[in-house]
Engineer: 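Could you have a look at this structure, given as structure tokens, before my questions?
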Amino acid sequence: MLEKTFDPKTAEPRLYAAWEASGAFAPIDDPAAEPFSIVIPPPNVTGSLHIGHALNNTLQDVLIRFERMRGKAALWLPGTDHAGIATQMVVERKLAQEGNVGRRDLGREAFVAKVWEWKAESGGQIVNQLRRLGASCDWSRERFTLDEGLSAAVRKVFVALHKEGLIYRDKRLVNWDPHFQTAISDLEVEQREMEGQFWHFAYPLEDGSGEIVVATTRPETMLGDTAVAVHPSDERYKDLVGKKVRLPIVGRLIPIVADEYADPEKGSGAVKITPAHDFNDFQVGKRHGLPMINILDDFGRINDEAPQAYRGLDRFVARKKVVEAFEAAELLRGIEKVKNTVPHGDRSGVVVEPYLTDQWFVNAEVLARDAIKAVEQGDTVFAPRHWEKTYFEWMRNIQPWTISRQLWWGHRIPAWFGPDGAVFVEETEEEAKAKARRHYGRDEPLRQDEDVLDTWFSSALWPFSTLGWPQKTEDLARFYPTHTLITGFDIIFFWVARMMMQGIHFMGEAPFKRVFINALVRDATGAKMSKSKGNVMDPLELVDEFGADALRFTLTAMSGAARDIKLSKPRIEGYRNFGTKLWNATRFAQMNGCARAEGFDPAKVQGTLNRWIVGETVRTATAVTAALADCGFDEAANALYRFIWNVYCDWYVELAKPILNGTDEAARDETRATAAWALDVILKLLHPVMPFLTEELWAQTAGQGAPREHAGFLMTARWPELPESLIDPAADAEIGLIIDAISEGRSVRQELNVPPSARPALLVVEATEAQRGVLAASAPLIAQLLRVAEVKFEGAAPAGSIPYVVAGATLALPVAEFIDLAAERARLTKEVASLGSEIDKLGKKLGNPDFVSRAPEEVVEENRERLAEAQAARAKLEAALARLGGA
RNA sequence: GGGCGGCUAGCUCAGUUGGUCAGAGCACCUGGUUUACACCCAGGGGGUCACAGGUUCGAACCCUGUGCCGCCCACCA
């Protein structure tokens with residue numbers, strides 16, 4: 001016998017261990033089985049499971065369990081990401097806390113060893129947390145972006161793209177993070193709005209004939225100015241073009257150039273040009289062949305290009321000092337307060353600087369072409385569809401991707417430099433040496449590029465590198481392309497777009513057929529949760545409190561497209577209760593000897609009630625299957641919730657009780673078998689969302705008489721495929737009448753304060769033959785659930801009986817001795833009024849000739865019927881009201 | 001500046017192709033020792049579907065505009 005409630009704390013670890021040990025997470029071996037694969041968005045090794053992971057991985061697990069049960073060779077390939085900056089940051093912080101030396105003192109090799117050490121110790125944390133959630137990943141295939149196979153893939157891709165000219169090295173302005181002393185890509189720059197100032201500076205003309213005023217929000221950059229630009233057609237400055245100004249503080253003579261970039265409408269119309277520290281100025285500088293003077297070092301301090309007094313100063317200290325100098329020289333022409341957006345590093349949070357360095361870039365524009373086409377053609381479909389716009393928008397305006405990072409933790413760039421700076425890009429040092437030998441005609445010492453690759457470079461290969469590429473593995477042949485990617489919209493650019501580009505380029509086919517974008521779970525302030533911000537909620541605590549299934553069901557039910565999810569405990573509690581409800585329904589079945597007989601055929605069921613629940617079960621199975629096949633996770637969850645609680649428990653079980661307690665053995669046995677059958681279907685349908693509780697129930701009900709499939713895990717049971725022919729409309733109508741008769745009757749009783757202990761009769765005053773038959777046949781049922789003594793068929797309602805109308809039939813409760821006349825009058829008046837307004841509405845509609853002539857026939861007919869029904873019901877109730885008399 | 005999403009009951013949200021679509025859960029109120037379940041059962045109150053126009057026989061749903069809220073991208077001398 002089942003306990004009163006499910007105990008997730010003991011059951012979850014036990015069930016998960018059993019699943020995992022059985023090998024059920026691996027795709028089935030059957031070569032005939034259709035492959036269905038998904039790759040996990042690899043969480044950072046530094047990470048611990050936050051609520052966003054919980055959502056994302058729950059949905060993946062729901063999908064993979066569903067497809068696995070449908071008989072597919074279902075693979076959910078797990079793994080983790082080495083997360084360059086994030087991980088390096090964590091380990092550096094840890095070193096600092098331990099009072100050790102910094103990473104630079106330690107040296108590259110020792111530091112990287114430390115990171116691996118750390119990874120071995122705590123890198124597996126998130127993977128175990130996924131297990132607690134119930135994730136049925138195939139752990140035997142777990143990968144890590146820095147493991148040997150994936151690193152080989154990275155080198156191969158880098159070299160191949162380099163040979164194709166799609167990866168190149170260039171000296172250009174990049175976003176520089178002075179905190180981490182590395183370049184970062186555009187995507188890693190976060191614009192933040194800040195209170196800033198415009199400083200207006202006067203630059204004196206060389207010939208002493210006057211000055212030209214420029215404005216800046218970054219005064220320190222003037223130390224690197226190499227020109228002032230004015231618009232070619234700006235009359236004010238026409239005569240000054242070609243002249244020179246003497247740059248204050250620095251003393252350098254710089255030209256006044258004419259360039260369309262200068263906007264006559266803005267400020268003075270003249271703009272200072274700092275080619276080495278501003279993206280627009282860089283272009284101007286190139287056009288005019290201006291010197292590019294870099295005034296910063298890697299840490300964002302002023303370097304030796306500036307006058308002595310400024311050297312070594314932090315950029316913000318220098319800013320102040322520059323302003324002071326202008327003020328002292330009486331060249332400060334004004335200060336304006338402005339709001340401006342300032343670029344920050346998304347990891348470091350510090351202001352990033354445009355910085356002139358040698359970096360490696362990917363020509364993303366070329367790779368993007370086919371990736372755009374794939375989505376245009378529908379080879380890959382986004383769900384919800386509108387995310388395709390976001391994807392296209394970015395892809396069509398894609399910029400070169402800066403892939404080199406001045407970090408130590410990551411894939412070292414496979415490029416070696418000779419003494420003269422010639423570069424040899426090869427997969428191994430041996431090959432590079434060989435190439436160098438051919439190049440120089442002798443052995444020369446080579447130096448490998450110090451930089452590592454952007455973490456997303458390796459993530460971009462994830463759908464095929466994890467399957468063994470560049471080896472031609474069986475897995476790769478079988479599981480690429482993957483079927484569905486489930487991820488958050490925050491990484492569409494970082495990850496999805498780049499996987500599309502690399503997948504198509506190297507595999508010739510887009511890496512997924514479908515990309516499902518799940519909502520992003522935000523914190524209370526609406527801010528995006530992230531590890532580095534530390535504003536994460538802990539799903540594991542929720543698992544402890546309510547069980548994994550309750551959390552999973554909640555996330556699934558709330559996963560409706562394109563919305564933020566704000567999790568609330570009462571909601572999780574409610575779904576925990578839902579699990580308990582099912583648990584107890586199973587317990588009830590068990591207590592009543594409901595076991596599914598071998599060979600039970602739902603098509604052969606006789607009893608109306610049983611035929612009805614078979615049909616309802618079929619409807620639910622159909623709806624859930626369709627929903628899950630289409631990533632309609634919330635729809636599936638809600639359909640299950642309604643069916644299990646409001647149909648199976650509230651009505652089927654209640655209506656079955658009299659039969660189970662009755663004397664008709666054949667009916668009882670059939671009901672027992674049907675109840676057990678329906679529960680089996682329910683357990684299967686619910687399993688993807690609530691795997692633990694359903695698996696436990698499956699095991700606990702695997703007693704005598706159960707079909708053989710109970711011997712195995714529910715997670716490997718066959719998904720129900722039930723024909724629509726099992727739905728019996730006649731049974732639906734009959735049970736519908738009974739349910740309405742009971743519901744309405746209960747409502748009458750309660751509103752009139754008839755004591756619960758009272759047992760009046762239920763009078764059938766007026767009804768069709770068919771209705772009488774149904775009500776007569778189910779009299780005991782109705783008697784029990786409506787708490788009436790009997791169901792009587794009489795020609796007219798006696799005085800003091802309370803009538804109500806159900807499906808055109810008039811029923812009545814003779815409860816004269818209990819009722820409060822005023823209450824009854826109020827009830828009837830309310831009913832009559834409500835029917836009246838419906839009649840008015842329908843009458844108006846049907847009175848409209850346009851409606852009658854233009855609306856579809858069936859809609860008009862339906863409205864006519866509704867009107868007739870409402871009118872009849874109102875007449876009956878008005879009559880009753882009249883009989884009641886008084887006022 | 002460009003784009004996307006949202007605005008439905010006190011709260012969190014469902015409402016597929018316009019026609020039982022005005023709903024659910026929680027909260028609230030009333031009643032309940034119906035032997036599966038109080039993590040329960042029964043009943044009930046509560047909304048001008050942000051606003052304004054338009055299309056239509058008919059609009060929460062389609063179109064246009066407005067207003068808030070949130071996000072993304074770009075730019076900012």
Side-chain angles (χ1 to χ4, degrees), chain A residues 2 4-6 186 191 196 198-201 213-218 221 228-229 261-263 266-274 278-281 338-342 384 386-387 389-390 393-394 397 489-490 492-493 520 522 526-528 546 550 557-558 560-571 573-592 630 632 634-635 638 641-642 646 649-650 653-654 657 661 742-743 746-751 753 755-757 784-785 787 838 845 848-856 858-860 862-863 866:
Chain A
L2 289 170
K4 274 195 134 183
T5 56
F6 175 57
D186 298 350
Q191 301 291 343
F198 259 143
W199 285 273
H200 297 261
F201 292 158
V213 176
V214 296
T216 182
T217 53
R218 296 186 296 151
T221 61
V228 169
Y261 166 65
D263 182 350
K266 282 189 188 169
S268 66
V271 55
K272 63 192 267 315
I273 301 296
T274 322
D278 182 282
F279 290 100
N280 289 308
D281 293 5
V338 289
K339 268 200 176 126
N340 61 343
T341 51
V342 181
H386 70 255
W387 288 111
K389 284 187 198 167
T390 306
E393 180 65 20
W394 189 69
N397 298 299
F489 56 76
D490 54 327
I492 289 178
F493 305 149
L520 198 66
R522 294 175 185 280
K528 178 172 149 183
F546 300 106
M558 295 178 82
R563 304 256 334 199
D564 302 339
I565 293 181
K566 290 173 213 150
L567 211 53
S568 70
K569 278 199 177 186
R571 190 96 183 214
E573 193 181 359
Y575 290 128
R576 188 271 318 268
N577 296 349
F578 166 69
T580 306
K581 184 76 182 175
L582 173 62
W583 182 269
N584 279 291
T586 309
R587 188 160 174 265
F588 169 81
Q590 202 178 42
M591 291 169 85
N592 282 277
D630 200 31
D634 54 333
E635 278 177 67
N638 290 326
Y641 185 96
R642 279 193 300 272
N646 302 123
C649 292
D650 286 351
V653 168
E654 293 305 320
K657 279 177 181 173
N661 293 329
I742 294 168
S743 293
R746 280 172 175 167
S747 181
V748 168
R749 287 185 69 129
Q750 195 106 11
E751 278 185 68
N753 298 319
S757 54
Q784 178 159 337
L785 295 184
R787 304 172 71 75
E838 194 186 341
K845 211 174 195 180
N848 181 347
D850 284 332
F851 173 70
V852 178
S853 62
R854 310 183 89 147
E858 65 218 58
V859 173
V860 176
E862 192 189 322
N863 278 277
R866 247 191 285 159

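All heavy atoms count here, side chains included; hydrogens, waters and symmetry mates do not. The chains referred to below are lettered A, B, ... by the order of the sequence lines, with proteins before strands, and numbering in each begins at 1.
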Engineer: Across the strands shown, which category fits A:Gln590 at heavy-atom distances under 4.0 angstrom: base, sugar-phosphate, nothing?
Structural biologist: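 Nothing, no heavy atom under 4.0 Å.
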Engineer: At 4.0 Å (heavy atoms only), tell me whether A:Ala270 reaches a base, stays on the sugar-phosphate, or touches nothing.
Structural biologist: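 The residue A:Ala270 makes base contact.
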Engineer: Walk along nucleotides 34-44 of chain B from 5' to 3' and tag each nucleotide B, S or - by protein heavy-atom contact under 4.0 Å, base first, then sugar-phosphate.
Structural biologist: B-BBSBSSBSS
Engineer: Does the separation of the ring centres of A:Tyr575 and A:Phe546 fall below 6.0 angstrom?
Structural biologist: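 That pair fails the under 6.0 Å test.
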Engineer: When you get a sec, tell me which of B:U12, B:C75, B:G19 is the closest nucleotide to the side chain of A:Val859?
Structural biologist: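 Comparing B:U12, B:C75, B:G19 against the side chain of A:Val859, the answer is B:G19.
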Engineer: Report the residues that fulfil ring-ring contact (aromatic ring centres under 6.0 Å, His included) with A:Phe588, sequence neighbours left out, ordered by chain and then residue number.
Structural biologist: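 Once residues adjacent in sequence are excluded, A:Phe588 has no partner under the ring-ring contact (aromatic ring centres under 6.0 Å, His included) criterion.
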Engineer: Are the side chain of A:Arg749 and the backbone of A:Arg787 linked by a donor-acceptor contact shorter than 3.5 Å?
Structural biologist: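 At least one qualifying donor-acceptor pair exists.
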Engineer: What N/O pairs connect the protein and nucleotides 59-65 of chain B at under 3.5 Å? Give each pair on its own line.
Structural biologist:
none

Engineer: Would you check if the side chain of A:Asp630 reaches a backbone N or O of A:Gly632 as a donor-acceptor pair within less than 3.5 Å?
Structural biologist: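 No.
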Engineer: NA contact type, A:Thr216, heavy-atom cut-off 4.0 Å: base, sugar-phosphate, or nothing?
Structural biologist: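 It contacts sugar-phosphate atoms only.
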Engineer: Could you check whether A:Asp263 gets within reach of a base, just the sugar-phosphate, or nothing at all, counting any heavy atom under 4.0 Å?
Structural biologist: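 It contacts base atoms.
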Engineer: Would you please name every residue forming a side-chain contact (heavy atoms from CB on, under 4.5 Å) with A:Gln750, sequence neighbours left out?
Structural biologist: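 Not a single residue meets the side-chain contact (heavy atoms from CB on, under 4.5 Å) criterion with A:Gln750.
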Engineer: For residues A:Ala262 and A:Gly269, report the shortest heavy-atom separation together with the two atoms involved.
Structural biologist: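 In this case the closest contact between A:Ala262 and A:Gly269 is CB-O, 3.8 Å.
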Engineer: Is RNA chain B part of any stem, that is, at least 3 consecutive Watson-Crick or G-U pairs with both distances under 3.5 Å, and where?
Structural biologist: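 The stems are B:1-7 with B:67-73, B:10-13 with B:23-26, B:28-32 with B:40-44, B:50-54 with B:62-66.
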Engineer: Using a heavy-atom cut-off of 4.0 Å across all strands, would you classify A:Arg866 as base, sugar-phosphate, or nothing?
Structural biologist: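 The answer is base, as A:Arg866 lies within the cut-off (heavy atoms under 4.0 Å) of a base atom.
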Engineer: Mind checking side-chain contact (heavy atoms from CB on, under 4.5 Å) for A:Arg746 and listing every partner two or more places apart, or none if nothing turns up?
Structural biologist: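 In terms of side-chain contact (heavy atoms from CB on, under 4.5 Å), with neighbours along the sequence ignored, A:Arg746 is linked to A:Trp651, A:Ile742, A:Leu785, A:Leu786.
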Engineer: Looking across every strand, which nucleic acid part, if any, lies under 4.0 Å from A:Pro856 by heavy atom: base, sugar-phosphate, or nothing?
Structural biologist: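 Base: the residue A:Pro856, judged by heavy atoms under 4.0 Å, touches a nucleobase.
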Engineer: State, to 0.1 Å, how close A:Ile492 and A:Trp387 come at their nearest heavy-atom pair, and which atoms those are.
Structural biologist: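 Smallest heavy-atom distance, with atoms named: CD1-CE3, 3.7 Å.
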